[in-house]
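Working notes for the structure below.
No hydrogens, no waters, no symmetry mates; every other heavy atom, side chains included, goes into these values. Everything numeric here is computed off the predicted structure, so don't read it as measured data.
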Amino acid sequence: QVQLVESGGGLVHPGGSLRLSCAASGNIFSSIMAWHRQAPGKQREFVALITESGGTSYSNSVKGRFTISRDNTKNTVYLQMNSLKPEDTAIYYCKKLPATWGQGTQVTVSS
């Protein structure tokens, strides 16, 4: 089974940017990939998705600020996050549909 490892999280000021990476241990070229997040005390929620052919979908809360992309040659999915807000603070999880998850990476947006 493919394993997913997220990286790139950290502490950033409001208005700042971060790029998350999700490295897969196997091929993902035929897989739909997604990012989800879970804030303290809240349920995990969908953030963004990218199809095998590169089609994308975003939650309303991040649309226009976040960009999901993939590099199948590196078996890696990215999440570029711009104009970060304190409410973006969460653990961000990578997902290979239907149900393979990474361990998550913490993103904290605070002044």
Are any non-hydrogen side-chain atoms of [X] and [Y] less than 4.5 angstrom apart?
| X | Y | result |
| --- | --- | --- |
| Trp35 | Cys94 | yes |
| Ser110 | Leu11 | yes |
| Met33 | Leu4 | yes |

If I take atom [atom1] from residue [X] and atom [atom2] from residue [Y], how far apart are they, to the nearest 0.5 angstrom?
| X | Y | atom1 | atom2 | answer |
| --- | --- | --- | --- | --- |
| Cys22 | Arg70 | SG | CZ | 10.0 Å |
| Thr89 | Gln106 | OG1 | CD | 7.5 Å |
| Asn72 | Asn27 | CG | CG | 8.5 Å |
| Ser30 | Lys96 | OG | NZ | 6.5 Å |
| Met81 | Thr67 | CE | OG1 | 11.0 Å |

**Item:** Pair Ser53, Thr51: side-chain N/O donor-acceptor within cut-off below 3.5 Å
**Value:**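 The answer is yes; a qualifying pair exists.
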**Prompt:** Taking the six-membered ring for Trp, are Phe66 and Tyr92 parallel (under 30°), tilted (30 to 60°) or perpendicular (over 60°)?
**Reply:**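 Rings of Phe66 and Tyr92: tilted, 30 to 60°.
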**Prompt:** Out of Val107, Asp88, Asn82, which residue meets the side-chain contact (heavy atoms from CB on, under 4.5 Å) rule with Leu18?
**Reply:**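 Passing option: Val107.
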**side-chain contact (heavy atoms from CB on, under 4.5 Å) partner of Thr105, the single match among Ile91, Leu79, Leu20** =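 Of the listed residues Ile91, Leu79, Leu20, the side-chain contact (heavy atoms from CB on, under 4.5 Å) partner of Thr105 is Leu20.
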If every non-hydrogen atom of [X] is compared with every non-hydrogen atom of [Y], which pair is closest and at what distance?
| X | Y | answer |
| --- | --- | --- |
| Leu97 | Ala34 | CD1-CB, 4.0 Å |
| Asn75 | Gly26 | CG-O, 3.2 Å |
| Phe46 | Ser57 | CZ-O, 3.7 Å |
| Ser111 | Pro14 | N-CD, 3.7 Å |
| Gln1 | Thr100 | NE2-OG1, 3.3 Å |

**Request:** State whether the number of non-hydrogen atoms from other residues, nucleotides or ligands found under 6.0 Å of Glu87 atom CD is greater than 12.
**Result:**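 More than 12 within 6.0 Å, yes.
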**Prompt:** Are Val77 and Val62 co-members of a hydrophobic cluster defined by side-chain heavy atoms under 4.5 Å apart?
**Reply:**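 Linked, Val62 and Val77 end up in one cluster.
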**Message:** If hydrophobic clusters are built from ILVMFWY residues whose side chains come within less than 4.5 Å, do Leu84 and Val47 share one?
**Reply:**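 Per the 4.5 Å side-chain linkage, Leu84 and Val47 are co-clustered.
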**Asked** So which pairs with a foot in residues 43-59 pass salt bridge (charged side-chain N to carboxylate O under 4.0 Å, His left out), sequence neighbours left out?
**Response**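 Salt bridge (charged side-chain N to carboxylate O under 4.0 Å, His left out) check on residues 43-59 returns Arg37-Glu45.
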**Request:** May I ask you to decide if Ile68's main-chain N or O and Tyr58's side chain share a donor-acceptor pair within less than 3.5 Å?
**Result:**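 Looks like yes, one N/O pair under 3.5 Å.
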**Request:** Would you confirm whether Glu6, through its side chain, and Gly104, through its main-chain N or O, come within 3.5 Å as a donor-acceptor pair?
**Result:**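 It does hold such a pair.
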